[in-house]
Number of protein chains: 2
Amino acid sequence: MPPRDQSMETIQRELTAFARRARATAARMHPELSLVSFTVLSHVEDRPGCRATDLAAHYMLDKSTVSRQIATLERLDLVERRVDPDDQRVQVLHLTEAGTATLAQVAASRLAAFQERLGDWDEADLARFAGYLLRYNAAYEADGRP
Amino acid sequence: MPPRDQSMETIQRELTAFARRARATAARMHPELSLVSFTVLSHVEDRPGCRATDLAAHYMLDKSTVSRQIATLERLDLVERRVDPDDQRVQVLHLTEAGTATLAQVAASRLAAFQERLGDWDEADLARFAGYLLRYNAAYEADGRP
DNA sequence: TTCTCTAGGTTGTATTCTACAACCACATGG
DNA sequence: CCATGTGGTTGTAGAATACAACCTAGAGAA
């Protein structure tokens, strides 16, 4: 097998290994905030006033899934839905104080976990790894999302 | 934020993005073989004669989960369970012909998908990316699996 | 040998995430 | 003013998973 294929197979295998573990690990670390909830919360923090449809498109989730996720987060008082005055169909999303706090806390603990795993990497490697992941995910998004 | 932290945050974010998509993508690409089934099948191919408990330990899954997964794969005639003659409690796992064939086909199509996304990477980058993922996952395994 | 404890697996039950389909409310362009 | 489209919710169903209770078989102790 040519080295290209070898590398690709490794990438495939290792990314898959990561994906397999991610959900369970996230759940174990933060029983209060699933991986998806965390992602949604982060997204809302980044783009206050975004809509459920944006989230669905961005994460390739069904709108019903997003709707329920948001409903849960609202029940937990982590996000707020406000009707958009410009379009009564739309509900714009904002973090509550509790949402901001919870997100900060979980983000910190996630970062700490990553830091433990990546602590002994030198800076150049970290930067390159980050770059590769960005590039990979960008290619993924560009795809017809297969 | 120091560049180290910046890189770590990117790595965290992008790995998470990948993980979020992986299951759905796998399901869309191969309705006949979920991500977990694929993983189990690969494992059995790599280590013919392994036991359900091995799988559970390796993938941090409950033994009941593995039991049902294997039951499903057996129903689909992709794996075989044989009682270990040395220990009647144990069932050793082997791929069937159909299992081998299906796995090969799905693996090829997965590889093709990766190749499409990684096709324009140069060989050195691929090798480095693969190396980083291996290193990251190794650190993960070494962890107390937090 | 027999009894107890442990390990491998299965089954019952409940939860969570997810998709698909049907639906409602509002908006927008003829 | 109506037809069509968009944002969102609800009903329903399926998959993956965990936990707990259980069964069977091996292993070691009394």
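Labels below follow one simple rule: chain letters A, B, ... track the order of the sequence lines, proteins then strands, and each chain is numbered from 1.
Ranked by how close their nearest DNA chain C nucleotide is to the 5' end, A/T72 and A/P85 are led by A/T72. The nearest heavy atom of DNA chain C to A/S37 and to B/D54 marks one nucleotide each, and the one closer to the 5' end goes with B/D54.
Whole-Å rounding puts the A/R75 CZ to C/dT16 P distance at 10 Å. Atom CZ in A/R51 sits about 13 Å away from atom C1' in C/dA27, given to the nearest Å. Taking atom NZ of residue B/K63 and atom P of nucleotide D/dC23, one finds them 14 Å apart after rounding to whole Å. Between B/L35 atom CG and D/dA15 atom P the separation is 16 Å, expressed in whole Å. Straight-line distance from the OH atom of A/Y59 to the P atom of C/dT18: 12 Å, rounded to whole Å. Whole-Å rounding puts the B/L61 CG to C/dG9 C1' distance at 15 Å. B/L55 has its CG atom 9 Å from the P atom of C/dG9, to the nearest Å. Rounded to a whole Å, the CG atom of A/D62 is 13 Å from the C1' atom of D/dT12.
Using a 4.0 Å heavy-atom criterion, one finds that B/S64 contacts the bases of the nucleic acid, with or without backbone contacts as well. Counting non-hydrogen atoms under 4.0 angstrom, A/T65 reaches a base of the nucleic acid. Nucleic acid contact class of B/V36 (heavy atoms, under 4.0 Å, all strands): sugar-phosphate only. Among the atoms of the strands shown, only primed sugar atoms or phosphate atoms (P, OP1, OP2) are found under 4.0 Å from some heavy atom of B/D87.
The base of D/dT24 is not paired with the side chain of B/R89 by any donor and acceptor separated by under 3.5 Å. On a pure distance criterion of 3.5 Å, a polar donor-acceptor pair joins the side chain of A/R68 and the base of D/dG11.
Defined by atom type and a distance below 3.5 Å, a donor-acceptor pair is missing between the side-chain atoms of A/T10 and A/S7.
Close to D/dG8, at under 4.0 Å from its OP1 or OP2, lies no side-chain N or O of A/Q88. Between A/S34 and C/dC17 there is a side-chain N or O to OP1 or OP2 distance below 4.0 Å.
The distance from the CH2 atom of A/W121 to the CZ atom of A/R128 is 10.5 Å, given to the nearest 0.5 Å.
In this structure, the nucleotide among D/dT9, D/dT17, C/dA27 sitting nearest to the side chain of B/Q69 is D/dT17. In the set C/dG9, D/dA25, C/dT18, the nucleotide with an atom closest to the side chain of B/S67 is C/dG9.
In this structure, B/R117 is positioned above the aromatic face of B/F114, its NZ or CZ under 6.0 Å from the six-membered ring centre and within 45° of the axis.
Salt bridge annotation for B/D84-B/R89: absent, with no cationic side-chain nitrogen under 4.0 angstrom from a carboxylate oxygen.
Contact annotation: the side chain of B/L93 never approaches that of B/R47 to less than 4.5 Å [non-hydrogen atoms, C-beta and beyond].
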